[in-house]
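Note: hydrogens, waters and symmetry copies are ignored here, and every other heavy atom, side chains too, is used. The sequence lines fix the lettering, A, B, ..., with proteins before strands; numbering per chain opens at 1.
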Amino acid sequence: MITKIVANSWEATEGITDGMTVMFGGFGLCGIPENSIAAIRKRAVKQLTCISNNAGVDGFGLGLLLENKQIKKMISSYVGENNEFEKQMISGELEVDLIPQGTLAERCRAAGAGIPAFFTPAGYGTEVAEGKEVRIFNGKPHILELAFDASFAFVKAWKGDEAGNLIFKGTARNFNPMMAMAGKITVAEVEELLPAGSLDPNAIHVPGIFVHRIYKGDHFEKRIEQRTVRQRKTS
Amino acid sequence: MITKIVANSWEATEGITDGMTVMFGGFGLCGIPENSIAAIRKRAVKQLTCISNNAGVDGFGLGLLLENKQIKKMISSYVGENNEFEKQMISGELEVDLIPQGTLAERCRAAGAGIPAFFTPAGYGTEVAEGKEVRIFNGKPHILELAFDASFAFVKAWKGDEAGNLIFKGTARNFNPMMAMAGKITVAEVEELLPAGSLDPNAIHVPGIFVHRIYKGDHFEKRIEQRTVRQRKTS
Amino acid sequence: MLDKNGIAQRIAQELKDRYYVNLGIGIPTLVANFIPEGINVEFQSENGILGMGPFPWEGEEDADLINAGKQTITALAGASFFDSATSFGMIRSQHIHMTVLGAMEVSQNGDIANWKIPGKMVKGMGGAMDLVASAENIIVAMMHTNKSGESKLLPECSLPLTGLGCVKKVVTELAVMEIKDGAFHLIERAPGVSVDTIKAATAGKLIIDGDIPEMKL
Amino acid sequence: MLDKNGIAQRIAQELKDRYYVNLGIGIPTLVANFIPEGINVEFQSENGILGMGPFPWEGEEDADLINAGKQTITALAGASFFDSATSFGMIRSQHIHMTVLGAMEVSQNGDIANWKIPGKMVKGMGGAMDLVASAENIIVAMMHTNKSGESKLLPECSLPLTGLGCVKKVVTELAVMEIKDGAFHLIERAPGVSVDTIKAATAGKLIIDGDIPEMKL
């Protein structure tokens, strides 16, 4: 077996340098690689192009890299709820490339699947399609989209084993599996790191071959963005 | 919850008609929809175009439909080990479209993912590429391949629930998940059919939305094609 | 005239048995509260769940279980979780039977604009472009006019588009309109709302064919 | 001269620590029996397993656990199962470090033909076209000549191609050859085999640069 364990988030982020394109798993604050983000902040690398569905919030998630001025460009589908982001975007400090969420997911998946380009109907007739090839399939116009190319992918899983196999929980799965498959170097932080043979081989979401470094996160805050609940009736 | 349970293989194969294009999961004889194949044989529909990685063997798997002269065309990646197949192919009775296995898998996946076409490097420079668009990505030629279009997909899973969720075992997964996602009507036969809530929602390979009919197979022969073993040393 | 819940309730009448449904943020989310009796539907949220249930009981929130609006939710028996590629795969391959979303503008040929106001902070389209490019049955839930009192039902959208010719129905506080043949076809009035009120609030081509019934909630 | 096990044993010397490897049917399968000490590798079979182990003990065969040659196998600790799309995804995205497969013909620029003989029954290419179009490191294991004694190392393939310019090394019963710059470069002789024997059996351009060492097994 090929083991992928590294000691900690510092070791796991070794090799990230200024100007790189890097992916971050997560949807909103759900399933984000908190520990790797903290280490990247500590490493103070600059001019990053970040591929991530969202850009975190002020003071958490990718917001931590934004406020530290480490991000040159965000490639995302939705970037609300973040004042620092808005400030840097309006001042022109931060470039932003907004793309449809499904296209974002599929461009990650394509990278991990060795598919350099594919056609999708999403965005046809909108500014997203500008400059892109259009072709009709089954009577419907589609646009050509390209696979992403990322030097690093940082993902967060629930359980992992020393072979790099990953299992996610609930909707914390989201973009993590495709990004794990897409990274040239994929770094996974997990809540539980187990010996090989501990996970059901039928239940693995990301086979270890896609994961280059795995470590147990020190601490997971798992902040909730919108706490919505039903009130219990008191009798 | 939307229930997908049908009584048996006969009911599950209702609506299949002459000349349809249908998918069959499985790799070799591993993970094939044995019970649906038997019902389709009983229904005696003809002129089927079958998308399946293999064509079964004499007397089992799709071999049962071949010997009953129900198949007009096979779309497969490998069709050895089948005398009836060979006879019909050489006589010109049976059309055969051989395509690379990864392309076969990806064309199924594309259908289920609403991607009408994609580029792949497989087959460039070979007869598989004849008549297909070639384009260079990252300095490497790729060919354009189209999503499949299938009226029915017949798959076999290990466990399923009344909502149509499927879990596969071992390498019996193979083409089944993508075909399940690709079929206009997807029919799943399972070894164990359970009430909703019995399966871990994190461990589901095919969400029930892709499955239109599910039933517990009467009998699974699960024939082994190449029984290879290590001999125990007797002391 | 309907309130937000009224709009949601009216849209819920469009649900059919065995529908898989994607509900957008805002009024669309409320539709889940008005599922007609005898109808089984399943809700998908594009961040990776089928079989989404109601909000959790207080104290039972799980940070790993949210909907596309980032709200904490629950999963019903028979639910499944999946990644974003699979999620949009089921959307693009038209396994979702009905999509309900909000809009800033809708045009008489079914174009929709709901993601960008030039000159203002742009938050992004999220999954809306994939949804409207794929779904067969798109219903818009919105107010008939904007805060300045201008009609949001237009001959042509003035804002950047989210999708072309995709909206099938619009439900507002005033009316239900079907979009076909390049026009809004008025099919129901909200309780107490006159045809003239609807006419006045609709800038796009409005077809009024015979008596327009008042909707039943 | 090597037998099949010898060819496999020589190819096993190409394995490096931490390699993920795909072995084709026939001689390539035997490579797994000769993993050098101190080297950790994992075997992938394209029908959907990583971490493939040896054949099962008699009586422990599982019909749901086979390799791409349809043989019953086992899974090692740390193994994973996945669908065919994911499997070929990892192949196309070059996560597999080494692919070993058989061939009918190899040309001096690295073309390979191994799936079709016109006029004969054609069984299909299986996963070979995907593998050769994707892998960076493709090693062919085959006999130097065919049953009629004709060289299988040719200036150009005469049979329908499986892939273009993709083979990096060929190991036969006679020799190890590297393919580069449009020629076979002889790098090792099999034990007891002379350079002249290899020359005589090679129809394609063969570069012999200095003394050619005998391989060590």
Give the member of C:G59, C:P160, C:A68 that has the highest number of heavy-atom pairs under 4.5 Å with chain A. C:A68

I'd like to know which of A:A105, A:G102, A:A172 tops the heavy-atom pair count under 4.5 Å against chain C. A:G102

Heavy-atom pairs under 4.5 Å with chain C: which of A:E106, A:E81, A:R223 has the most? A:E106

State whether the side chain of A:R230 and the backbone N or O of C:P54 hold a donor-acceptor pair below 3.5 Å, judged by distance alone. no

Looking at A:K222, A:K169, A:Q101, A:H142, which has the largest count of heavy-atom pairs under 4.5 Å with chain C? A:Q101

So, the part of C:V122 with a heavy atom under 4.5 Å from chain A: the answer is both

Using heavy-atom distances under 4.5 Å, tell me whether C:T162 contacts chain A through its side chain, its backbone, both, or neither. backbone

A:E127 vs C:W115, test: side chain to side chain contact (heavy atoms under 4.5 Å, CB included). Steps then yes/no. CA-CA 11 Å; A:E127 60 186 58; C:W115 77 283; 3.6 Å; yes

Within 6.0 Å of CG in A:N138, more than 12 heavy atoms from elsewhere: no

Is A:N176 close to chain C through its backbone or its side chain, or both, or neither, when contacts mean heavy atoms under 4.5 Å? neither

Looking only at A:A122, A:G123, A:P177, A:A129, most heavy-atom pairs under 4.5 Å shared with chain C are made by A:A122

Distance col, row C:M129:CE vs A:T126:OG1, nearest 0.5 angstrom, shows 3.5 Å

Tell me, out of A:Q231, A:R173, A:R227, who's got the most heavy-atom pairs with chain C below 4.5 Å. A:R173

Using atom types as modelled and distance alone, determine if a side-chain donor or acceptor of A:T228 lies under 3.5 Å from a backbone N or O of C:T72. yes

Just wondering, are more than 12 heavy atoms of other shown residues or ligands nearer than 6.0 Å to NZ in C:K4? no

How about A:Q226 and C:F55: do any of their side-chain heavy atoms sit closer than 4.5 Å? no

Answer yes when A:R109 and C:D83 have at least one side-chain N-carboxylate O distance shorter than 4.0 Å, and no when they do not. no

Contacting region of C:F81 [heavy-atom separation from chain A under 4.5 Å]: both

Could you check C:M125 against A:T103 for side chain to side chain contact (heavy atoms under 4.5 Å, CB included), going step by step and ending with a plain yes or no? CA-CA 11 Å; C:M125 67 292 280; A:T103 299; over 6 Å; no

Does atom NZ of A:K140 have more than 12 heavy-atom neighbours from other groups under 6.0 Å away? yes

Side chain / backbone / both / neither for A:F85 at chain C, heavy atoms under 4.5 Å: side chain

NZ-CG distance between C:K123 and A:L98, expressed to the nearest 0.5 angstrom: 12.5 Å

Taken to the nearest 0.5 Å, the spacing of A:Y78 OH from C:I25 CD1 works out to 6.0 Å

Count the heavy-atom pairs under 4.5 Å between each of C:R92, C:E58, C:Q71, C:K70 and chain A, then report the option with the highest count. C:K70

Determine which residues belonging to residues 22-36 of chain A lie within contact range of chain C, meaning some heavy atom pair is under 4.5 Å apart, and list them by number or answer 'none'. A:F27, A:G28, A:C30

Could you check whether any side-chain N or O of C:N47 sits under 3.5 Å from a backbone N or O of A:T171, counting only pairs where one atom can act as donor and the other as acceptor? no

Is the backbone N or O of C:G48 less than 3.5 Å from a side-chain atom of A:N174, with the two atoms forming a donor-acceptor pair by type? no

Residue A:E191 versus chain C: region with a heavy atom under 4.5 Å: side chain

Thinking salt bridges, do A:R232 and C:E60 make one under a 4.0 Å N-O criterion? yes

Are more than 12 heavy atoms, taken from residues, nucleotides or ligands other than C:E156, located less than 6.0 Å from that residue's CD atom? no

Highest number of heavy-atom pairs under 4.5 Å with chain A among C:A128, C:S84, C:S87, C:S134 belongs to C:S84

Quick one, C:I66 with A:E225, criterion side chain to side chain contact (heavy atoms under 4.5 Å, CB included). Give me CA distance, side-chain angles, the key distance, then yes/no. CA-CA 9 Å; C:I66 65 170; A:E225 217 164 331; 6.0 Å; no

By a 4.5 Å heavy-atom criterion (distance strictly below it), what part of C:D111 contacts chain A: side chain, backbone, both, or neither? neither

Chain C shares the most heavy-atom pairs under 4.5 Å, among A:G170, A:A55, A:G125, with A:G170

Taking every heavy-atom pair that is under 4.5 Å apart, which of C:M121, C:E46, C:K116 has the most such pairs with chain A? C:M121

